[in-house]
Structures are given as C-alpha cells and as structure tokens.
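Within every chain, numbering begins at 1; the chains are lettered A, B, ... in the order of the sequence lines, protein sequences first and strands thereafter.
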Number of protein chains: 2
Amino acid sequence: MLKLTKKADYGLMALKFLAEHPETPAFSAKDLADAYGIPAQLLAKILQRLTKTGLLRSHAGMNGGYALAREARTISAYEVIHSIDGPFFITSCTKGAKSCELTPNCTIKEPLARVNETIAGVLKSISIQDLAEHEPAAAKPAEAHKLVALTP
Amino acid sequence: MLKLTKKADYGLMALKFLAEHPETPAFSAKDLADAYGIPAQLLAKILQRLTKTGLLRSHAGMNGGYALAREARTISAYEVIHSIDGPFFITSCTKGAKSCELTPNCTIKEPLARVNETIAGVLKSISIQDLAEHEPAAAKPAEAHKLVALTP
DNA sequence: CTAAACGCGGACCTAACCAGTCGGATATTC
DNA sequence: GAATATCCGACTGGTTAGGTCCGCGTTTAG
Ligand code: SF4
Ligand code: SF4
C-alpha cells in the first residue's frame, strides 16, 4: 500500500542519470538500463511515456537516444510519477470512472483529499536536480505540522 | 500506485465515527459497518487489528463492541495505517525481507527514503480528531517546500 | 443455564494490478 | 540497405488487495 510503482522508480533513476550527465547528447534506453540493471525493454517503454508527456526528447537511429527536454531543475518528481502512472490519487475515489460506491456517504473523503494535495505538493517541490546532487542528510519532519492545514 | 488501501480507509472511517460519538460506550462491528455500508466481516477484522495494536479497546458479549483506547486527539492517521497495513514504505526496498535486488547500485534510494519520512511526518501530524471536526477548507500546499530538506 | 450477541482468527477464494516479455513497425545514420 | 534506434500494442505470470466462510471463546440478558 502507498507504494510507488517500480516503473516510476525506474523513471526517476533514469532522469537522475541524465541530469548527472548534461554534456552527453543522448543515451539509448539500453545504456540507461545497463547502468542500473533494469530490464531494457521495460525501461524503454517508460522512457517513451516520458517522451510523450514532454519530459524527454528522443532521437531515433544510430547514436540516438533520450535527453532531458527541460532543465533538470524544472522537472518535478510529481511530473514524472504522473506521466508514468497517471493521475496521483491516494484514495480509490478518483471521481472519474469507477470510484468506490460509498463515495456519497463517505465522511472521510474530503480530509483525505486534503492530505492527497499535501503529498502532491511535497512531490512537486522535489526536482530531478534535487535527486542528482547532494548526499544523504537528516530529514526535518519536525515541521510537518506546518504543512497540513486541517484546522485553518 | 501510491494508493491507500481500502482497509486503512475503512479503519479511519470507523475511528472517526467513534471519535464523533464519545458518549456511547461501545459500537459493535456491525453497527459501524452498517453506518457506512462497509462489509461487516471485513470491518470486523480491521477493528481486531486495531485492537491488537492498542488503538481500540474491545468488549465481547452482548452490548459489547469497540471503543477508542485513547483520546481521539492522540491517535494519528499514521498509527492507523501502520496498524492495518504494516510498516509504511513508499519504495519496494523495505530493507527487510525481499527488497529489490538493485538496492546496492540504486542511487535514488536515499532521497526517496527522505521523501518517505516526510510523508510519514505528514500522516503523523493528522489525528483522528482532525478528521472528525472541521469541514473542508482550502489546503495550503504553498509551504510544501519548507518540509523537504533535500538541500540542507 | 442457556442461548443470543458479540469479538477473535485462520483459511480461503477471486479479481485486479504490476512487472516484465514478445513481436513487429518506423525512423535515422553510415 | 544494414545496423541501431525509438515506438507501440498485446500478452503472460506472479503478487496483492478485497472480501467471504466457518468455527471458536466470551459475555450477558432472560
Ligand atoms: S469514498 Fe471514502 S471510502 Fe471510498 S475511497 Fe474515497 S475515501 Fe475511501
Ligand atoms: S532500491 Fe532503488 S530501485 Fe529498488 S526499490 Fe529502492 S529505490 Fe526503487
């Protein structure tokens, strides 16, 4: 539950790798896959999705491959996840096609939607560049309460 | 992906309901299930889990049922989710039993662990009481960047 | 005392979903 | 035109989430 799909995971890895090598014009799907041991064909499809949503630029033919379409700093983790796995919803009531049938009576829906927004905000605040640079450091979850405006 | 399980969802609903009726000594699983249209037996098992982890107190026999073991204010959404679905991990590398085999090479693991911590923090900052009171209001995702200490 | 109402907990089944694969088509370079 | 590439839909196998069943222990009303 609440797990990121591996596809999104792989996508982030690939984008990070590209961000770390800005001078190289392009990497093929196989290059990227081999760099981490990811199944090549799977990664290929992920990169295609990212291309279609405008995060990557692709070039077929020899010496072709993928490159970032925008600055690493301007690509957020949220965009990557959204591109690969579709819209981001923490609950099953997506309000679109097949939401859970107790949506009308549900009293918990709105608060959770708020939480959903919050998490999305966190994801949006993280750029590929952030992933590429800096080594680990202690997180600061102490300020977490500032984020949630449940009692405005 | 990144979806809350319905079990956790149901658990939160039930706890919220209990928080809204502090005067009533106990509600049976069936009462709670009927109140929302949740499958009774399923809810029952969820409540049992919550009891085992100390969030609820149960009482068998006629007029038995469940009641909050602690103040609604002191029960966080994180505890509920953790009780029902087990430890909270956004990635597949749980570092416990069967993590994904590219954990050693993975360069994205630590940053994501940080994100995981952040989200957990958000969840911890939300209490059952928060869910029970207050009607919807606009979230404030503008301050989201304050939370993520990727560049300390 | 006994039966109804309740919690407890494992086994089980099913549909959905995710990870990964295959096959073929198209585009680009050499 | 051969070698590399991206592109794209269809397919399969494994895992998990959601839900059910059934039998057991406990409490209390009558
Ligand atoms: S409606 Fe309520 S129960 Fe159904 S998914 Fe949304 S939050 Fe969960
Ligand atoms: S190790 Fe890297 S790839 Fe494997 S799950 Fe953790 S983050 Fe995702």
Can you tell me how far [atom2] of [N] sits from [atom1] of [X], to the nearest Å?
X: A:Met1; N: D:dA17; atom1: CE; atom2: P; result: 9 Å
X: B:Leu56; N: C:dG7; atom1: CG; atom2: P; result: 11 Å
X: B:Leu47; N: C:dG9; atom1: CG; atom2: C1'; result: 14 Å
X: B:Ile46; N: C:dG9; atom1: CD1; atom2: C1'; result: 14 Å
X: A:Leu2; N: D:dT16; atom1: CG; atom2: C1'; result: 15 Å
X: A:Asp34; N: D:dT4; atom1: CG; atom2: P; result: 14 Å
X: A:Gln48; N: C:dT26; atom1: CD; atom2: P; result: 15 Å
X: B:Tyr66; N: C:dA5; atom1: OH; atom2: P; result: 17 Å

Where at least one partner belongs to residues 9-29 of chain B, residue pairs that pass salt bridge (Lys or Arg N to Asp or Glu O under 4.0 Å), sequence neighbours excluded: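 Every pair satisfying salt bridge (Lys or Arg N to Asp or Glu O under 4.0 Å) with a residue in residues 9-29 of chain B: B:Lys16-B:Glu20.
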Side chain to side chain donor-acceptor pair (under 3.5 Å) contacts touching residues 46-69 of chain A (sequence neighbours left out):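 Non-adjacent pairs meeting side chain to side chain donor-acceptor pair (under 3.5 Å): A:Thr53-A:Ser83.
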Any residue of residues 21-31 of chain A with a heavy atom less than 4.0 Å from an atom of DNA chain C: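 Close to the strand, none.
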Letter per nucleotide, 5' to 3', of nucleotides 18-30 of chain D [B base touched, S only sugar-phosphate touched, - untouched; heavy atoms, 4.0 Å]: BBBBB---BBBS-
Qualifying residues under ring-ring contact (aromatic ring centres under 6.0 Å, His included), relative to A:Phe17, sequence neighbours excluded: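 Applying ring-ring contact (aromatic ring centres under 6.0 Å, His included) to A:Phe17 gives A:His21, A:Phe27, A:Tyr36.
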Those residues that, when tested against B:Met62, pass side chain to side chain contact (heavy atoms under 4.5 Å, CB included) (two or more places apart):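 Partners of B:Met62 under the side chain to side chain contact (heavy atoms under 4.5 Å, CB included) test: none.
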Cluster check A:Val115, A:Leu4: I/L/V/M/F/W/Y, side chain < 4.5 angstrom: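 Yes, it is one cluster - the side chains of A:Val115 and A:Leu4 are joined through contacts under 4.5 Å.
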Phosphate-side-chain proximity, B:Ser58 and C:dC8, N/O vs OP1/OP2 below 4.0 Å: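 For C:dC8, OP1 or OP2 has a side-chain N or O of B:Ser58 closer than 4.0 Å.
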Shortest non-hydrogen contact from B:Val122 toward B:Ser125: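 In terms of heavy atoms, the two residues are closest at O-OG, 2.7 Å.
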Smallest separation among heavy atoms of B:Pro111 and A:Leu131, with atom names: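 Looks like CB-CD2, 3.4 Å.
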Side-chain (B:Asn116) to main-chain (B:Ile90) donor-acceptor, under 3.5 angstrom: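 The answer is yes, because a donor-acceptor pair under 3.5 Å joins these two groups.
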N-O pairing of A:Glu117 and A:Lys124 below 4.0 Å: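 A:Lys124 and A:Glu117: not salt-bridged.
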